[in-house]
Amino acid sequence: QVQLVESGGALVRPGDSLTLSCAASGHTAGYATGWFRQAPGKGREFVASIRWSDSRTYYATSVQGRFTISRDNAKNTVYLQMHSLNSEDTAVYYCGAAALDGGSYASAEYEYWGQGTQVTVSS
């Protein structure tokens, strides 16, 4: 059993930076962690992921160079640092855990999910 709790979402202005946190509990060893987002009326979109085995990271083209995913093993927490935010980044952000640990882009491969945290970018 894995439990995930996201936090850090906020209302920010275009160009701002924001860091989201995904705190994990339970049996998390061996799981890859991914960040996904869902805007109103749209499907869940892959954002970034980090593998357990070697900490290799993967990013969606839309956030490459602006977002950074990282993990603090001591705190059992995964972070998503976001920079140069724009209106297209407005969404509910979710973290998920995948047992495959292959850096999957597919939401269906993630077995556990957090409740989501809202990020709104508006002037």
Side-chain angles (χ1 to χ4, degrees):
Q1 181 72 268
V2 175
Q3 293 183 329
L4 306 170
V5 179
E6 303 96 334
S7 62
L11 171 63
V12 299
R13 298 186 182 280
D16 280 0
S17 297
L18 193 65
T19 298
L20 306 181
S21 299
C22 176
S25 61
H27 182 68
T28 59
Y31 281 79
T33 301
W35 282 98
F36 291 75
R37 64 188 182 186
Q38 188 166 18
K42 300 179 66 177
R44 190 163 295 187
E45 174 191 22
F46 172 79
V47 176
S49 64
I50 183 168
R51 298 203 300 200
W52 174 267
S53 56
D54 60 2
S55 295
R56 182 171 180 176
T57 58
Y58 302 84
Y59 297 94
T61 302
S62 59
V63 306
Q64 183 75 249
R66 297 191 299 122
F67 291 10
T68 301
I69 187 170
S70 62
R71 180 174 60 235
D72 185 334
N73 289 324
K75 296 181 178 180
N76 206 13
T77 299
V78 173
Y79 302 94
L80 184 68
Q81 296 175 286
M82 305 183 292
H83 301 286
S84 300
L85 288 165
N86 57 66
S87 61
E88 299 298 316
D89 299 313
T90 295
V92 177
Y93 284 70
Y94 300 88
C95 62
L100 182 61
D101 195 34
S104 178
Y105 300 165
S107 62
E109 295 187 17
Y110 289 77
E111 292 87 13
Y112 302 97
W113 296 93
Q115 83 290 343
T117 186
Q118 177 71 49
V119 174
T120 302
V121 185
S122 176
S123 60

Worksheet, complete the sentence: For Ala91 and Ala39 the tightest heavy-atom approach is CB-N, 3.8 Å

Practice prompt. Look at the side chain of Thr90 and the backbone N and O of Ser87, then say whether any donor-acceptor pair between them is shorter than 3.5 Å.
Written response: yes

Discussion item. Just verifying a value: how many Å separate His27 NE2 and Gln3 CD, rounded to the nearest 0.5 Å?
Written reply: 14.0 Å

Worksheet entry | Glu45 side-chain N/O to Arg37 backbone N/O, donor-acceptor pair under 3.5 Å | no

Worksheet entry | Spacing of Ser84 atom OG and Asp16 atom CG [to the nearest 0.5 Å] | 10.0 Å

Fill in: OG on Ser21 to CD on Gln81, rounded to 0.5 Å
9.5 Å

Worksheet item: Taking all atoms of both residues into account, what is the closest heavy-atom pair of Gly8 and Thr117, and its distance?
Response: N-OG1, 4.0 Å

Practice prompt. Not counting sequence neighbours, which residues clear ring pair (Phe, Tyr, Trp, His ring centres under 6.0 Å) with Phe46? List them please.
Written response: Phe36, Tyr105

Worksheet entry | ILVMFWY cluster, Ile50 and Trp52 together (side-chain gap under 4.5 Å) | no

Worksheet item: Is a donor on one side and an acceptor on the other found under 3.5 Å between the side chain of Tyr110 and the backbone of Ser104?
Response: yes

Item to complete: Please report the closest heavy-atom contact between Tyr31 and Ala99, naming both atoms and the distance.
Response: CD2-N, 3.5 Å

Worksheet item: With Ser53, which residues qualify under side chain to side chain contact (heavy atoms under 4.5 Å, CB included), at least two apart?
Response: Arg51, Asp101

Worksheet item: Under the side chain to side chain contact (heavy atoms under 4.5 Å, CB included) criterion, do Val119 and Met82 qualify, and how do the steps go?
Response: CA-CA 11 Å; Val119 174; Met82 305 183 292; 4.1 Å; yes

Worksheet item: Under 3.5 Å, side chain of Arg44 to main-chain N/O of Gln38, donor-acceptor pair present?
Response: no

Worksheet item: At what distance, to the nearest 0.5 angstrom, does OG of Ser7 lie from OH of Tyr93?
Response: 15.0 Å

Worksheet item: Donor-acceptor pair, Asn76 side chain versus Ala24 backbone, under 3.5 Å?
Response: yes

Discussion item. With clusters defined by side-chain heavy atoms of hydrophobic residues (ILVMFWY) lying less than 4.5 Å apart, directly or transitively, does Val12 cluster with Tyr79?
Written reply: no

Discussion item. How close do Glu111 and Ala98 get, counting heavy atoms only, and between which atoms?
Written reply: OE1-CA, 3.2 Å

Worksheet item: Residues in side chain to side chain contact (heavy atoms under 4.5 Å, CB included) with Leu11, at least two apart?
Response: Thr120, Ser122

Worksheet item: Would you say Trp113 and Leu4 are hydrophobically clustered, going by side-chain heavy atoms of ILVMFWY under 4.5 Å?
Response: no

Response to the item:
Between Leu80 and Ala48, the two heavy atoms sitting closest are CD1-CB, 4.2 Å

Worksheet item: Is Phe67 linked to Ile69 within one hydrophobic cluster, defined over Ile, Leu, Val, Met, Phe, Trp and Tyr using a side-chain heavy-atom separation of less than 4.5 Å?
Response: yes

Worksheet item: How far does CG of Leu20 sit from OH of Tyr94, to the nearest 0.5 angstrom?
Response: 13.0 Å

Worksheet, complete the sentence: In terms of heavy-atom contacts, Val47 and Val63 come closest through O-CG2, 3.5 Å

Fill in: Glu6 (side chain) donor-acceptor with Cys95 (main chain) under 3.5 angstrom
yes

Worksheet item: Can you tell me how far the CG atom of Leu100 sits from the CD atom of Glu109, to the nearest 0.5 Å?
Response: 5.5 Å

